[in-house]
S.K.: 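Please find one structure pasted underneath; my questions will follow.
Counting convention: from 1, in listed order, for ligands and their atoms alike.
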Amino acid sequence: MKSRVLAAAVLICGAATLPFAAEERIDAGVNARIRDEGINRSQVMRTLHFLTDVYGPRLTGSPSLKAAGEWAVKTMEGWGMKNAHLEPWEFGHPGWTNDLAWGAITAPVKDTLVLEVVAWTPSTKGIVHGKAVNIVIPDQPTPEELAAYFDTVKSQVHGAIVLVGKSRFVPVNLSPPAKRTADEDVKARYDPNNPNAGQRGRGQRGGRGQQTPKPGAVPARELGSKIDQFLVEHGALVRVNDAGREHGQIIAFDNTTYDPGKAVPTVVVRNEDYGRIARILEDGTPVELEFNIVNRTYPEGRTAYNTIAEIPGSDKKDEVVMLGGHLDSWHSATGATDNAIGCSIMMEAARILLKLGVQPRRTIRVALWSGEEEGILGSQAYVKEHFGSFEAQKTEFGKLVGYLNIDTGTGQLRGASVFGPPAAAATLREIFAPFQDLGIYGAAPSSSRVVGGTDSTAFSNAGLPGIGFQQDPIEYNTHTHHTNLDTYERVIEEDVKKAAVIVASAIYHLSMRDDMLSRFAPGDMPPLPPARGTQ
Ligand SMILES: [Zn+2]
């Protein structure tokens, strides 16, 4: 480890007293200037505005995602970054956008429905009207049970608008979760002396609606496609799904075949509308619905792009500190908390360093990924292309200090999980130490090589130091993550300015230290997890 050197700047400017780390050289003078620029002259909300209001939503393969990347390239070049470019990778599916969608109940009452369209589904043929039919697939059917059920309803679906599934009852939540994590909980999580510390980061969240699988049942992932196929074959006009969430929140994902020919026009309506229609049908009263949906596909979207830009290093310029987040979003809103803000914070961190005119020793590289929502595809393609993996190393494998990622919304940064031995987390903990007043309390080591949750896991999976920040939840899981409510308004300016300050300091110090970040010794590298299916 390195000798303890107090930066001269500390003595000169007498910046705030800092809890000096045992080993890391912390430049208090640079930290003070980073705070000043990041808090008093921030550009982070301007960046967010462009990425959301002007270029959102940013579905992978869509023209707006490419335009967002081009804007980011131009903007980062304007700040003085070098080697800014869009880097292609093969998505292999067409781009898709929804250009217009409305739906209404026309009988026995008239009212507009609140809805979102499922990605990679087709348009309606103009305005379509039909009677509403509610089919309720048996729970976890075997292929035989499913076929038998389809037989009982196939005569009803032709020319109909088909509500798929029983309407979900969403009770009033009398004990909503806290929007911020208590300081004591964060401190305990990142206390190196706490045996239960750490090991809880992105990538270990539970999946959606996990159920113990029934032996012989059609896998959940296939069930949706089988229902789509049945509706196409029997001439349904529109498929309607229940959003199943409170207060009009809607999450609309994708037709997982990416082939609009394999589904009927499909919408997710808010739970309140779905429940209303289902209850009227249960009374025995016929319901008539009407829809008009215009979607488009873009063959050129088969090639997608990651957005890359650099601050070149000096004496160690062939070594790289990376930071980023995914620029792609789902399509129901403008993808502000997931994840335009993560991209905006990382761009802002680089901007702050450029503005200060500091010269990093190592190259600092911003990467804004695509294809994250479809399975962390863009970052995995990049890692494979540039670094390989521990098991199949390319030359650059040994040159990456680490990759810092933000992808959990607007909340203050509270700590980070660092793929590597405890010494790697200790380095980050020391770099973060001067920022406890901004809410960050440390870093914890991780040994998980599972791909999932977010892009830092593409690096960890390859055996590289993936660093994922943990944030205050704010409204991420309760309101904005993947929903139709994920907009600019949901971002807390104060929190994200602080985040950019912390990240700027972290990348600066990682770029300046004499050594790379500690990695697992070859004999200690955790084994790759067993291969899994798609995300
Ligand atoms: Zn995300």
S.K.: With sequence neighbours left out, write down each residue that passes side chain to side chain donor-acceptor pair (under 3.5 Å) with Thr478, or none if nothing qualifies.
M.R.: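 Side chain to side chain donor-acceptor pair (under 3.5 Å) list for Thr478, sorted by chain: empty.
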
S.K.: With a cut-off of 2.8 Å, does Asp407 put an N/O/S atom close enough to the Zn ion (ligand 1)?
M.R.: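 Looking at Asp407, which is the residue asked about, there is an N, O or S atom under 2.8 Å from the Zn ion (ligand 1).
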
S.K.: Spell out, as yes or no, whether a donor-acceptor pair under 3.5 Å connects the side chain of Ser329 to the backbone of Pro57.
M.R.: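 No, the answer is negative, given that no donor and acceptor are paired below the 3.5 Å cut-off.
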
S.K.: Hey, does the Lys NZ or Arg CZ of Arg449 hover above the aromatic six-ring of Phe520, less than 6.0 Å from the centre and inside 45° of the axis?
M.R.: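 Pair Arg449/Phe520 does not count as cation-pi.
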
S.K.: Assess Asp338: does it contribute an N, O or S atom lying under 2.8 Å from the Zn ion (ligand 1)?
M.R.: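 Given the 2.8 Å cut-off, Asp338 counts as a ligand of the Zn ion (ligand 1).
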
S.K.: Checking only N/O/S atoms, does His326 have one that is under 2.8 Å from the Zn ion (ligand 1)?
M.R.: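 Of the N, O and S atoms in His326, at least one lies under 2.8 Å from the Zn ion (ligand 1), which means yes.
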
S.K.: Write out all pairs satisfying salt bridge (charged side-chain N to carboxylate O under 4.0 Å, His left out) with one or both partners inside residues 408-418, taking only residues at least two apart or from two chains.
M.R.: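 As it turns out, the salt bridge (charged side-chain N to carboxylate O under 4.0 Å, His left out) pairs with a partner in residues 408-418, which skip direct neighbours, are Asp183-Arg414, Arg414-Asp472.
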
